[in-house]
2 protein chains.
Amino acid sequence: MATFTNPIANIRAFNRFYTDIIGLLDRHLLHSRYSLAEARIIYEISVGENLQASQIMTAMHIDKSYLSRLLKKLEKEGLIIKKPSEQDARAMFISLTAKGLREFNILNKASDEQISAMTTGLKASDQQQLVNHMNAIMNILTKTAII
Amino acid sequence: MATFTNPIANIRAFNRFYTDIIGLLDRHLLHSRYSLAEARIIYEISVGENLQASQIMTAMHIDKSYLSRLLKKLEKEGLIIKKPSEQDARAMFISLTAKGLREFNILNKASDEQISAMTTGLKASDQQQLVNHMNAIMNILTKTAII
DNA sequence: AAATACAGTTGACAAAGTCAACTATATTTA
DNA sequence: TAAATATAGTTGACTTTGTCAACTGTATTT
């Protein structure tokens with residue numbers, strides 16, 4: 001079994017874990033309708049409410065030109081709307097349309113089903129533990145402003 | 001703060017965490033020399049010893065045609081060698097060359113430094129906790145044969 | 001008022017990944 | 001044992017994903 005003895009040696013093992021579990025989901029489930037990046041934009045907006053494009057860019061660590069194209073596509077599909085800021089004519093505020101919100105819920109639901117399918121081997125107690133550990137990691141990282 | 005209330009809702013939040021922390025590393029550090037996929041192949045071989053291409057394919061959930069090209073590139077760079085199986089003339093056994101092993105160590109060392117740089121804000125106790133939680137997740141997943 | 005910085009867009013391109021058809025060997029089945 | 005089927009890996013043509021540099025238009029600084 002691969003173990004995380006220290007952060008250094010871990011990185012590849014953890015990456016492997018990630019790719020297998022989360023990546024599997026993203027590739028096989030989401031890619032059929034939206035790219036991972038698109039799904040994440042939708043997620044970011046649903047969490048952040050009325051974000052500026054630049055904020056999404058920072059949050060996702062992606063190139064502004066790439067984000068620009070993705071937003072254009074999502075807008076064309078009617079999932080988001082952009083409205084220019086009144087304070088700063090350069091800035092765009094992005095928000096989900098009703099359709100975008102529905103899609104977000106569908107994505108979440110689909111994730112749900114996929115995860116269930118993948119984790120049927122897990123006892124409920126293990127599932128809970130998994131979630132707890134993920135939460136703990138999130139806590140440590142947000143607490144120290146790494147995320 | 002984003003929380004993992006259940007596996008379903010989590011998937012996007014966890015993905016965000018992953019993208020930020022691990023993805024940052026992979027994109028900025030590894031991509032300069034090797035793609036994430038290449039780095040992971042090197043990792044898989046260093047762990048698995050004398051794997052068949054098909055095993056790597058299964059482990060990584062990537063397309064065989066893509067893997068084929070990646071292996072070709074790594075072979076051309078002298079990082080791996082392929083030798084045909086004696087039992088099955090169709091199969092290739094892949095192993096790291098001395099150079100490949102050196103590169104693996106360099107990658108690990110580089111990861112190390114990058115992670116240190118990223119986590120200087122973390123107290124030693126938090127770092128340890130982070131590692132412990134990652135380990136716990138790995139344990140649950142391996143125990144139930146999900147990985 | 002001129003210089004500089006910032007938000008976002010666009011064109012041209014590079015990297016990553018996929019699909020279908022193929023070669024060559026193995027295994028199954030009739 | 002010959003024909004059909006399956007498997008391991010390769011290749012050509014392609015799509016998707018992501019990047020770089022140059023640009024427009026607005027805001028801020030000097």
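Quick note on labels: first sequence line is chain A, next is B, and so on, each numbered from 1.
Checking C:dG8, C:dA26, C:dT18 against every side-chain atom of B:Asp63, the shortest atom distance belongs to C:dT18. Across C:dG8, D:dG9, D:dT7, the shortest atom-to-atom separation from the side chain of B:Arg90 is found for D:dT7.
Between the CD atom of A:Glu86 and the P atom of D:dT26 there is a distance of 15 Å, given to the nearest Å. In this entry the distance linking CD1 of A:Ile56 with P of C:dA7 reads 14 Å, nearest Å. When rounded to the nearest whole Å, the span between CD of B:Gln52 and P of C:dT25 equals 16 Å. One atom, NZ of A:Lys64, and another, P of C:dG11, lie 16 Å apart when rounded to the nearest Å. At whole-Å resolution of the value, CE in A:Met57 and P in D:dT19 are 12 Å apart. Atom pair B:Ile62:CD1 and D:dG9:P shows a separation of 12 Å (rounding to whole Å applied). Remark: P of D:dT16 and CD of A:Glu38 are 11 Å apart, rounded to the nearest angstrom. Remark: C1' of D:dA8 and CG of B:Leu51 are 15 Å apart, rounded to the nearest angstrom.
When side chains are defined from C-beta on, B:Met92 counts as touching B:Ile94, because their heavy atoms get closer than 4.5 Å. The closest side-chain heavy-atom distance from B:Glu77 to B:Lys73 is below 4.5 Å.
The side chain to side chain contact (heavy atoms under 4.5 Å, CB included) with A:Leu79 is formed by just one residue from the set A:Lys99, A:Glu38, A:Arg102; it is A:Lys99.
B:Ile56 and B:Phe93 sit in two unconnected hydrophobic clusters of ILVMFWY residues. Membership requires side-chain heavy atoms under 4.5 Å apart, directly or through other members.
Only A:Ser65, A:Tyr66, A:Arg69, listed by number, bring a heavy atom of residues 65-84 of chain A to less than 4.0 angstrom from any atom of DNA chain D.
No donor-acceptor pair under 3.5 Å is formed between the side chain of A:Ser68 and the backbone N or O of A:Lys64.
Rounding to the nearest 0.5 Å places CZ of A:Arg69 at 9.0 Å from CG of A:Asp63.
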